[in-house]
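Each remark here refers to the structure printed beneath this line.
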Amino acid sequence: MEIETQRYRKQKLSELVADRHDPNGRGGTARLANDLDRSPGYISQMLKFDGDGSRPITEKTAREIEGRLGLERGWFDDHPPIHGRTANQITSSKDAIVIPLLDVAAAMGSGIDRPAGHVDVIEQMVVSKDWLRKNISATSPGNLAIITAYGDSMEGTFNDGDLLLVDRGITDIKLDAVYVLALNDELFIKRLQRRPDGVMLMLSDNQKYAPYEIKNGDMAHFEVLGRVLLTWNARRL
């Protein structure tokens with residue numbers, strides 16, 4: 001099956017998921033699975049573009065979903081707009097980037113346990129390379145992923161439940177910015193700042209939270225997993 005056809009159909013499936021999100025932008029996969037009398041894992045497999053567990057949206061599957069949801073026959077192949085361009089204007093896989101939404105949450109307050117082993121892709125976002133070039137400076141499109149943030153310590157920059165676009169190719173602190181980090185097997189989203197004496201500061205934009213010093217004793221259990229580039233509402237950081 002052509003790559004372009006799969007990309008279009010998976011983007012359309014992601015629209016069905018997004019339409020079923022709660023006000024916090026979550027739960028769409030489970031609701032669509034319920035509508036189709038399928039498991040959430042089945043939907044997640046179809047959302048994945050490639051890799052282990054990816055499931056193609058075949059002609060038969062597309063027509064079955066359309067019938068089940070009362071959609072017009074051929075809806076999956078009626079290409080939608082993708083960030084200002086229609087999908088039929090994106091003529092090949094070279095023109096589009098698929099960004100995975102990972103089944104990962106990080107805390108802006110107290111840490112959340114770091115997941116062990118494989119991390120699932122639960123949804124996807126498709127953007128044109130033109131949009132990416134104009135809005136994002138990333139180490140590589142393949143390093144981009146979306147995760148969910150919880151807590152209030154970064155209020156003023158982003159909020160509880162926001163979806164964050166992360167560049168996983170950035171694992172060093174070369175400038176003061178907001179990062180996803182692991183400390184003692186817990187995940188955090190914090191602003192990191194390196195002091196001249198070598199001490200790393202974890203800073204919260206919410207002034208209720210005091211800075212935390214990551215000293216030598218912590219460094220063996222400290223890891224930078226990526227830099228936050230923007231929120232789901234495309235507010236640059």
Side-chain angles (χ1 to χ4, degrees), residues 24-26 51-52 97-125 127 132-133 135-237:
N24 292 320
R26 300 190 295 271
D52 293 342
I97 299 295
V98 178
I99 303 175
L101 171 58
L102 304 180
D103 188 18
V104 171
M108 297 181 286
S110 300
I112 292 177
D113 288 344
R114 185 176 184 176
H118 178 72
V119 174
D120 290 330
V121 175
I122 55 176
E123 295 176 26
Q124 290 179 323
M125 177 181 178
V127 301
L132 198 69
R133 185 169 52 252
N135 292 278
I136 301 297
S137 178
T139 55
S140 168
N143 288 333
L144 295 174
I146 299 168
I147 68 170
T148 305
Y150 293 104
D152 66 351
S153 77
M154 295 299 290
E155 280 187 356
T157 304
F158 38 78
N159 300 311
D160 181 51
D162 276 357
L163 299 178
L164 308 180
L165 182 63
V166 176
D167 186 342
R168 295 174 291 176
I170 298 175
T171 57
D172 293 322
I173 311 301
K174 294 185 177 179
L175 73 162
D176 294 352
V178 180
Y179 295 87
V180 180
L181 62 108
L183 181 63
N184 297 319
D185 289 326
E186 291 185 325
L187 297 183
F188 295 85
I189 298 168
K190 294 287 185 180
R191 196 172 297 278
L192 293 178
Q193 183 181 94
R194 191 188 298 276
R195 289 195 327 210
D197 62 3
V199 172
M200 189 80 67
L201 293 178
M202 284 174 54
L203 303 173
S204 301
D205 288 357
N206 186 336
Q207 297 303 309
K208 293 192 307 182
Y209 293 84
Y212 179 81
E213 295 184 353
I214 304 174
K215 299 181 179 180
N216 289 336
D218 290 321
M219 293 307 293
H221 308 286
F222 169 76
E223 182 180 2
V224 175
L225 303 177
R227 179 184 166 192
V228 179
L229 301 180
L230 55 76
T231 67
W232 186 253
N233 62 10
R235 182 174 61 229
R236 281 195 191 90
L237 302 179

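- Annotation: side chain to side chain contact (heavy atoms under 4.5 Å, CB included) contacts of Ala138 (sequence neighbours excluded): Ile136, Leu144, Asp167, Leu229.
- Counting heavy atoms from C-beta on, the side chains of Val228 and Leu165 never come closer than 4.5 Å.
- Within the 3.5 Å criterion, the main-chain N or O of Thr231 finds no donor-acceptor partner in the side chain of Asp162.
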Extract all donor-acceptor atom pairs below 3.5 Å that involve side chains of residues 169-184 and protein atoms in other chains or at least two apart in sequence.
from: Asp176; atom 1: OD2; to: Gln193; atom 2: NE2; distance (Å): 3.3
from: Tyr179; atom 1: OH; to: Leu175; atom 2: O; distance (Å): 2.7

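- At least one side-chain heavy atom of Phe222 sits less than 4.5 Å from a side-chain heavy atom of Leu192.
- To the nearest 0.5 angstrom, Phe158 atom CZ is 11.5 Å from Leu163 atom CG.
- Of the charged side-chain nitrogens involved, none lies within less than 4.0 Å of a carboxylate oxygen, so that Glu155 and Lys208 do not count as a salt-bridged pair.
- Residue pairs meeting the salt bridge (charged side-chain N to carboxylate O under 4.0 Å, His left out) criterion with at least one member in residues 198-207, sequence neighbours excluded: Arg191-Asp205.
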> Please walk me through it: do Leu203 and Tyr209 pass side chain to side chain contact (heavy atoms under 4.5 Å, CB included)?
Replying inline: CA-CA 8 Å; Leu203 303 173; Tyr209 293 84; over 6 Å; no
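- Atoms CG and CG, on Leu187 and Leu225 in that order, are 6.5 Å from each other to the nearest 0.5 Å.
- By the 6.0 Å and 45° rule, Lys190 does not stack over the aromatic ring of Tyr212.
- Judged purely by atom type and a 3.5 angstrom limit, Asn135 has no side-chain atom pairing as donor or acceptor with the backbone of Leu132.
- When atom types are taken as modelled, the side chain of Asn143 and the backbone of Arg168 share no donor-acceptor pair closer than 3.5 angstrom.
- The side chain to side chain donor-acceptor pair (under 3.5 Å) check on Arg194 picks up nothing, with sequence neighbours excluded.
- Using a 4.5 Å cut-off on side-chain heavy atoms (C-beta onward), Thr148 and Leu164 make no contact.
- Side-chain contact between Glu213 and Met202 is absent, with no heavy atoms from C-beta onward closer than 4.5 Å.
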